[in-house]
Amino acid sequence: MTNDLVSIIESNIRSIHTSQYDLSFNELADMYESGELNINPDFQRLFRWSNAKQSRFIESLVLEMPIPPIYVTETDEKQYDLIDGLQRISSYLHFRGTLRNAEHLDIKEGDRLELTDCDIVSELDGKTFDDLPSSLQIRIKRSFIRMQIIRKDSDPMFRYHMFKRLNTGGEILEPQEVRNCTIRILDIAFPDFLRKLSEEKYFKSVTDNISDSKSRNAYREELILKFFAFKNNSNNYVKNIGDFLDDYMESVALPEKEKNHVDFNYSEEEVVFKKVFKILSLSMGEQAFSSNNKARDGLQNNFRSYHYEVFPQAIIPLVDVIDTDNAEHIRLVKEVIITIKLDPDFISMTTGGGKNTKNALDDRIRFASNKLSEIEFEND
């Protein structure tokens, strides 16, 4: 048994090929400018350091403090994809005025970081790169950082798990933001698909009441992932929704040869998705996933996750029956959904603690599905 374990570990080690170089920040900036070092848009959106944190990093370079290494993966074109070190590299590029794709921080290409809140050399505050003496400019440009390279002939699964294990600068990221980046190491199709559907007009209309902060942090993409995960993989849901979504997104992106790979028919799934959310949009609008308002005996204009988990799944069996061009069909759907939302039993199923188990989810969906299945749709 011991020898078997050693053999398994040795076999995995042989599938890993790495190297390392010490590079100056000026060399890294040149690689970024030429496209040799890639920070893809999904990854760039995770740049979160405040100007103060960026400034203190630049201060560290000025003071020649030790800097942790960055990690990259090598592509077939001999380019490098950054997988850890985003905050440090982006801070340097911002200081030099060459950072791109950071509109979420109101940083436009050409903007130069003005140092602030330096806590060792406060005299640096208010300075840009151009304000520094040439000797300090040269010192910063020549500051070295170690680049750990995962070679392109390494097992792709190793590169994927490597990213999952590395931290991203200590910033708090939303789970879907991390998924979108890590999955790209295996396959870009699924995260791109989720992003495309997040802009679909009927889906946007029924999720228009989620908060701005969630909208910015890939929450809509997580909702779409949740839709497909519950639709296609609900039997594997236990209780931890994060792990459940991680596993499903990974299984879709895995190469076909991997044992946990699941097939995903993009064109068919997109048709179902669009029809479901068109039905919900036409019938309920922004109240599709709202809860009841006891004081007014009606519905609030809010967004509730339990409602989102229920109604799209309950609509799926009826997508071929409901005619979105038939006003009576839409009226009937609206009437029944409102009845469900105001039903005391359903309210009990969707409020309070302990409702995130598989059994509780199945009960909610079954309750709504049974009510909707009683509708008698007549065709013109």
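- Atoms CG and OG, on N236 and S251 in that order, are 8.5 Å from each other to the nearest 0.5 Å.
- The distance between the ring centers of F190 and F264 falls below 6.0 angstrom.
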| message | Could you walk me through whether E328 and R331 satisfy the salt bridge (charged side-chain N to carboxylate O under 4.0 Å, His left out) test, starting with their C-alpha distance in whole Å, then the side-chain angles of each, then the deciding distance to 0.1 Å, before giving a yes or no? | response | CA-CA 5 Å; E328 181 62 12; R331 186 193 69 79; 2.7 Å; yes
| request: Please lay out, stage by stage, how R100 and E33 fare under the test salt bridge (charged side-chain N to carboxylate O under 4.0 Å, His left out). | output: CA-CA 10 Å; R100 302 184 297 272; E33 282 294 300; 3.3 Å; yes
| request: For the pair R56 and D119, evaluate side-chain contact (heavy atoms from CB on, under 4.5 Å) and give the outcome as yes or no after the intermediate values. | output: CA-CA 7 Å; R56 287 192 285 272; D119 52 8; 3.4 Å; yes
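- Checked against the 6.0 Å centroid criterion, the rings of Y306 and F289 do not qualify as a close aromatic pair.
- For the residue pair S24 and E27, a side-chain donor N or O sits within less than 3.5 Å of a side-chain acceptor on the partner.
- Distance alone, capped at 3.5 Å, places no donor-acceptor pair between the H329 side chain and the I322 backbone.
- Side-chain contact between L245 and M249 is absent, with no heavy atoms from C-beta onward closer than 4.5 Å.
- Taking the six-membered ring for Trp, F227 and F277 have ring centres closer than 6.0 Å.
- Taking the ring centroids of F25 and F144, they lie at or beyond the 6.0 Å cut-off.
- Here the side chain of K231 pairs no donor or acceptor atom with the backbone of F273 at under 3.5 angstrom.
- Between F311 and F346, the ring centre distance stays below 6.0 Å.
- Interatomic distance, CG of L225 versus CZ of F244, reported as 8.5 Å (0.5 Å rounding).
- Y202 and V271 are members of different hydrophobic clusters when ILVMFWY side chains are connected at heavy-atom separations under 4.5 Å.
- Interatomic distance, CG of L113 versus OG of S55, reported as 4.5 Å (0.5 Å rounding).
- A donor-acceptor pair under 3.5 Å is absent between the side-chain atoms of E258 and the main chain of N260, judged by distance alone.
- For E374, the CD atom is densely surrounded, since the number of other residues' heavy atoms within 6.0 Å is greater than 12.
- Of the possible donor and acceptor atoms, none in the side chain of S122 sits under 3.5 Å from a partner among the backbone N and O of C118.
- Between the side chain of K275 and the main chain of V319, a donor-acceptor pair closer than 3.5 Å is present.
- Here Y248 and F228 keep their ring centres 6.0 angstrom or further from each other.
- Inter-residue side-chain proximity for L372 and I340 is flagged as met; some heavy-atom pair is nearer than 4.5 Å.
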| query | When you look at R112 and T128, which way does the side chain to side chain donor-acceptor pair (under 3.5 Å) test go after all the steps? | reply | CA-CA 7 Å; R112 293 177 179 265; T128 66; over 6 Å; no
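- Checked by atom type and distance alone, the side chain of E269 never pairs as donor or acceptor with a backbone atom of Y266 at under 3.5 Å.
- Here F57 and H94 keep their ring centres 6.0 angstrom or further from each other.
- Remark: the backbone N or O of L99 is not paired with any side-chain donor or acceptor of E109 at under 3.5 angstrom.
- With 3.5 Å as the limit, one finds a donor-acceptor pair spanning the side chains of N302 and S291.
- In this structure, N265 places its CG atom where more than 12 heavy-atom neighbours from other residues, nucleotides or ligands lie under 6.0 Å away.
- Atom CD1 of I70 sits about 10.5 Å away from atom CG of L86, to the nearest 0.5 Å.
- Within 6.0 Å of atom CD1 in I188, 12 or fewer heavy atoms from other residues, nucleotides or ligands are found, so the atom counts as exposed in its surroundings.
- Distance check: I120 CD1 to E59 CD gives 4.5 Å after rounding to the nearest 0.5 Å.
- Here the CD-CD distance, from E74 to Q79, works out to 10.5 Å after rounding to the nearest 0.5 Å.
- For NZ of K334, the number of neighbouring non-hydrogen atoms (other residues, nucleotides, ligands) closer than 6.0 Å is 12 at most.
- Under a 3.5 Å cut-off, the side chain of N232 and the backbone N or O of A229 do not form any donor-acceptor pair.
- Between the side chains of R96 and Y92, at least one donor N or O sits under 3.5 Å from an acceptor N or O.
- The side chain to side chain contact (heavy atoms under 4.5 Å, CB included) with F203 is formed by just one residue from the set V276, L197, L223; it is L223.
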